Amino acid sequence: KRQLEADGQSLQSGKLLGLDIPAGGSVEVSIPYESPELVPGTEYWLGLSFTQAGDLLWGPAGHELAWAQFLLPFRISRQPLQPDTMPPLAVEKAGTAVVVRGQHFYLTFDRGTGHVSDWRHLGRTVVSHGPTLNLWRAPNDNYATRMAARWQVAGLDRLREQLGAISVERNYPQAVRVRVDTAAPRVGVKSRYGYSIFGSGDVLLEHTVELVEELPPLPRVGVKLVLPGQYQHFAWYGRGPQESYSDRKQGARVAVYRDTVRGQLVPYITPQEYGNRTDVRWAALTNEDGAGLLAVGQPVLNLSAHHYTAHDLARAGHAHELVPREEITLNLDQAQSGLGSESCGPGVMPQYRLEDRRYSYRLRLRPLSGTGESAVELSKQVLPIFEDTE
């Protein structure tokens, strides 16, 4: 079955192809398709589904035997949003805080830690705390022995950032850049956050992580944020619907999925890391009114949303010991280590280990007002990139 898709939505479907393939043989098939009218910022996928032609003892007609997806090589240039079309920003230093104010929002940076301590939009809290550096995840069964012990010896589960410097620079009346340098000397990691804040309410985060000491292969590289528990509705464009990791994602289709944060829980008998989504282009966490937060990969992210912290998962010996928190922990990662199969076989294959000394990536964060905004359309916008002057 041929199906042409754009951003997870079906555009057109073709006819069933009846193939008579001898045992042990192969056949080459040409599958024609018409190029759609291309829209800037849109991805187009060719989806193939192989289904059972007739009823058998083990499955009815129409049962899917296999599927495949191919990202079609359509490329359309996009023009960045222009700051001069946005409302202006104001910057003020008040006591131990730096506050960046826009038309309907403000972000407060704690001058003692460098982290965002409050982010509000239209009077609602968007982010309660974060982003903060995150290099650790709750060990899973495949990591419950050798590698998890090395992570803990290295102190990844006790990482504490110390502020080195914080600076504010105005690029335009409608754009402000806040740069934050931190270090975790007990672990041997330095981190730089570059926040480009725009009058539209968008925040473009550029994050660089450097390992200044020898560390074991990392479980993840990214940031975590704390969001209000009301942002329960979870939608994402990436692999799903089940969890996936770098070495376990070929069985997860790329599409637009919808669930709840509570629905993400995988009730492993022994609590452990769960719910990661790979190749995420965008994700939205919203309340009943559609207000919340949009995260957009540049180009893709690993992402998970929990009512538990990694420490909650690691401390619980059994599922019944888990007590959900009211708030939501949102993990946004440039990369996550593979899972491997060390509980009964080999560990993570080399290509799925995180062994680089330096990581750098971008992601975009945007408040959602709940007034009919489309996460799909907003995700296609491009923000200008400002370089540090130093």
Side-chain angles (χ1 to χ4, degrees), residues 81 83-134 159-185 190-208 223-231 285 287 291-295 325-330 332 362-371 383-390:
L81 296 175
D84 57 11
T85 65
M86 304 174 184
L89 296 174
V91 180
E92 60 185 74
K93 295 181 180 179
T96 60
V98 174
V99 183
V100 180
R101 296 186 182 275
Q103 189 174 54
H104 300 297
F105 71 95
Y106 68 84
L107 284 89
T108 301
F109 291 85
D110 187 320
R111 295 174 66 184
T113 65
H115 298 309
V116 175
S117 58
D118 191 16
W119 183 358
R120 294 179 183 264
H121 179 255
L122 293 174
R124 298 187 187 92
T125 297
V126 180
V127 174
S128 303
H129 182 70
T132 57
L133 177 63
N134 193 15
L159 187 149
R160 296 290 184 271
E161 291 181 273
Q162 298 177 6
L163 179 64
I166 181 171
S167 62
V168 181
E169 179 181 356
R170 182 180 290 278
N171 301 97
Y172 294 91
Q174 306 87 355
V176 170
R177 184 168 175 82
V178 178
R179 195 184 78 186
V180 177
D181 292 325
T182 69
K190 290 183 178 180
S191 190
R192 169 169 288 185
Y193 304 82
Y195 298 89
S196 294
I197 305 164
F198 297 88
S200 60
D202 287 289
V203 176
L204 183 63
L205 172 61
E206 299 168 78
H207 188 207
T208 299
V223 293
K224 59 183 176 182
L225 302 86
V226 179
L227 276 60
Q230 63 180 297
Y231 298 143
L285 280 83
N287 64 12
L293 178 68
L294 173 69
R325 295 173 180 257
E326 172 61 29
E327 65 268 22
I328 295 169
T329 297
L330 176 62
L332 302 172
R362 294 188 181 97
L363 62 90
R364 173 187 170 201
L365 300 171
R366 162 91 181 220
L368 297 174
S369 64
T371 56
L383 296 171
I385 297 172
F386 302 118
E387 301 293 339
D388 290 323
T389 55
E390 297 182 18

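What you see below is based on every heavy atom in this structure, not just the backbone, and it leaves out hydrogens, waters and symmetry mates. Fair warning: this is a prediction, and the values are worked out from it, not measured in the lab.
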- Note on the structure: What one should report as the nearest heavy-atom pair of His115 and His129 is CB-CE1, 4.3 Å

- Message: According to salt bridge (charged side-chain N to carboxylate O under 4.0 Å, His left out), who are the partners of Glu161, at least two apart in sequence or on a separate chain?
- Response: none

- Message: Applying salt bridge (charged side-chain N to carboxylate O under 4.0 Å, His left out), can you list everything that pairs with Glu326, at least two apart in sequence or on another chain?
- Response: none

- Task: With sequence neighbours excluded, tell me which residues meet salt bridge (charged side-chain N to carboxylate O under 4.0 Å, His left out) with Asp118.
- Result: Arg120

- Message: I need the minimum non-hydrogen distance between Arg124 and Ala291, along with the two atoms involved.
- Response: NH1-CB, 3.5 Å

- Rounded to the nearest 0.5 Å, what's the gap from CD1 on Ile197 to CZ on Phe109? Could you check? 4.0 Å

- Item | Shortest non-hydrogen contact from Gly201 toward Trp119 | O-CZ2, 4.0 Å

- Side chain proximity check, Glu206 to Ser196, heavy atoms < 4.5 angstrom: yes

- Item | Over all atoms of both residues, closest heavy-atom pair of Val126 and Pro367 | CG2-CB, 4.1 Å

- Side-chain touch Val180/Ile166, heavy atoms, less than 4.5 angstrom: yes

- Task: Measure across Tyr231 and Ile328 and return the closest heavy-atom pair with its distance rounded to 0.1 Å.
- Result: O-CD1, 3.1 Å

- Do the side chains of Glu92 and Arg101 get nearer than 4.5 Å, heavy atoms only? yes

- Given the rule in the side chain to side chain contact (heavy atoms under 4.5 Å, CB included) test, do Leu365 and Val127 qualify, once you have shown the distances and angles that lead to the verdict? CA-CA 10 Å; Leu365 300 171; Val127 174; 5.8 Å; no

- Query: Are the side chain of Tyr193 and the backbone N or O of Leu133 linked by a donor-acceptor pair below 3.5 Å?
  - Reply: yes

- Message: Run Thr113 and Leu163 through side chain to side chain contact (heavy atoms under 4.5 Å, CB included) and show every step you take.
- Response: CA-CA 5 Å; Thr113 65; Leu163 179 64; 5.7 Å; no

- Message: I want to check something: taking the side chain as every heavy atom from C-beta on, are His104 and Pro87 in contact at a cut-off of under 4.5 Å?
- Response: no

- Apply salt bridge (charged side-chain N to carboxylate O under 4.0 Å, His left out) to Arg364 and list each qualifying residue two or more places apart in sequence or on a separate chain. Asp202

- Query: Side chains of Leu205 and Pro131: does their closest heavy-atom pair fall under 4.5 Å?
  - Reply: yes

- Message: Using side-chain heavy atoms (C-beta onward) and a distance below 4.5 Å, is Val178 in contact with Val176?
- Response: yes

- Task: Not counting sequence neighbours, which residues clear side chain to side chain contact (heavy atoms under 4.5 Å, CB included) with Arg160? List them please.
- Result: none

- Message: Any side-chain to backbone donor/acceptor pair from His207 onto Arg362? Under 3.5 Å, distance only.
- Response: no

- Item | Non-hydrogen side-chain atoms of Val203 and Val116 separated by less than 4.5 Å | no

- Item | Distance (rounded to the nearest 0.5 Å) between Asn134 CG and Leu225 CG | 10.0 Å

- Item | Phe386: ring-ring contact (aromatic ring centres under 6.0 Å, His included) partners, not counting sequence neighbours | Tyr172, Phe198

- Message: Below 30° counts as parallel, above 60° as perpendicular, anything between as tilted: where do the rings of His121 and Phe105 land?
- Response: tilted

- In terms of heavy-atom contacts, Leu89 and Gly102 come closest through CD2-CA, 3.6 Å

